[in-house]
Amino acid sequence: MEKLGLEVLHVAADRIVARMPVAGNTQPFGLLHGGATASLCETVASFGTALAVGPGHLVMGIELNVNHIRAVREGHVTATGVPLHIGRTTAVWNMDVRDDEDRLVAVSRLTLAIRPVRDA
């Protein structure tokens with residue numbers, strides 16, 4: 001989170017919001033890197049799921065899809081994640097990523113595995 005400059009703005013059971021700067025997260029052409037966008041989305045959903053299931057569980061992304069809709073060169077992007085399902089063994093989240101002008105930059109869905117922590 002620190003490497004990306006990620007900042008959590010809102011935490012609730014039904015919504016997680018986080019943002020990151022475009023600066024420092026660009027590809028060689030100066031555009032927001034798709035991998036940085038993917039990391040933002042996966043972090044939002046993983047954080048939300050971890051809060052929902054509690055400290056006795058590990059959460060791990062098992063499938064991530066990101067559709068990149070608009071290029072961004074400056075400012076911040078903000079991801080809003082909403083859980084579609086948080087069950088005993090899996091969770092599914094949707095994320096919308098928007099720029100500073102509230103234009104849709106990307107949409108994403110993450111499926112996570114939920115596993116109990118086991119003693120070593």
Side-chain angles (χ1 to χ4, degrees):
M1 290 175 57
E2 183 179 327
K3 183 88 169 162
L4 295 172
L6 198 142
E7 175 186 10
V8 177
L9 302 175
H10 178 83
V11 176
D14 64 342
R15 187 169 62 106
I16 302 289
V17 181
R19 75 178 193 156
M20 71 178 182
V22 174
N25 291 308
T26 58
Q27 39 91 309
F29 298 109
L31 303 172
L32 177 63
H33 195 291
T37 304
S39 294
L40 172 63
C41 292
E42 185 149 352
T43 300
V44 163
S46 295
F47 181 66
T49 301
L51 288 174
V53 300
H57 295 86
L58 297 174
V59 299
M60 299 150 281
I62 56 175
E63 196 277 330
L64 175 66
N65 172 272
V66 182
N67 294 104
H68 304 282
I69 296 167
R70 173 183 293 275
V72 182
R73 290 186 179 275
E74 61 186 16
H76 289 81
V77 289
T78 302
T80 300
V82 176
L84 301 177
H85 165 76
I86 299 179
R88 189 176 52 81
T89 60
T90 62
V92 180
W93 284 70
N94 269 349
M95 277 70 58
D96 284 351
V97 181
R98 296 187 174 272
D99 66 11
D100 288 335
E101 283 76 47
D102 201 35
R103 297 176 296 194
L104 191 62
V105 171
V107 293
S108 178
R109 179 171 287 177
L110 177 66
T111 302
L112 302 105
I114 301 168
R115 300 292 182 262
V117 174
R118 295 186 183 160
D119 293 333

Side chain of [X], backbone of [Y]: donor and acceptor closer than 3.5 Å?
X	Y	result
Asp102	Arg98	no
Glu101	Arg103	no
Ser108	Cys41	no

Could you measure the distance from the [atom1] atom of [X] to the [atom2] atom of [Y]? Nearest 0.5 Å is fine.
X	Y	atom1	atom2	value
Leu40	His76	CG	NE2	11.0 Å
His33	Ser39	NE2	OG	9.5 Å
Ile69	Asp96	CD1	CG	8.0 Å
His57	Arg88	NE2	CZ	9.0 Å
Arg15	Thr80	CZ	OG1	6.0 Å
Leu112	Thr89	CG	OG1	11.5 Å

Full working for side chain to side chain contact (heavy atoms under 4.5 Å, CB included) between Leu110 and Val92: CA-CA 6 Å; Leu110 177 66; Val92 180; over 6 Å; no

query: Is there a side-chain contact between Thr26 and Leu31 (heavy atoms, below 4.5 Å)?
result: no

- request: Give the cluster check for Phe47 versus Ile114: same hydrophobic cluster or not, with ILVMFWY residues linked at side-chain heavy-atom distances below 4.5 Å.
  value: yes

Residue pair Arg109 / Asn94, side-chain donor-acceptor N/O under 3.5 Å: yes

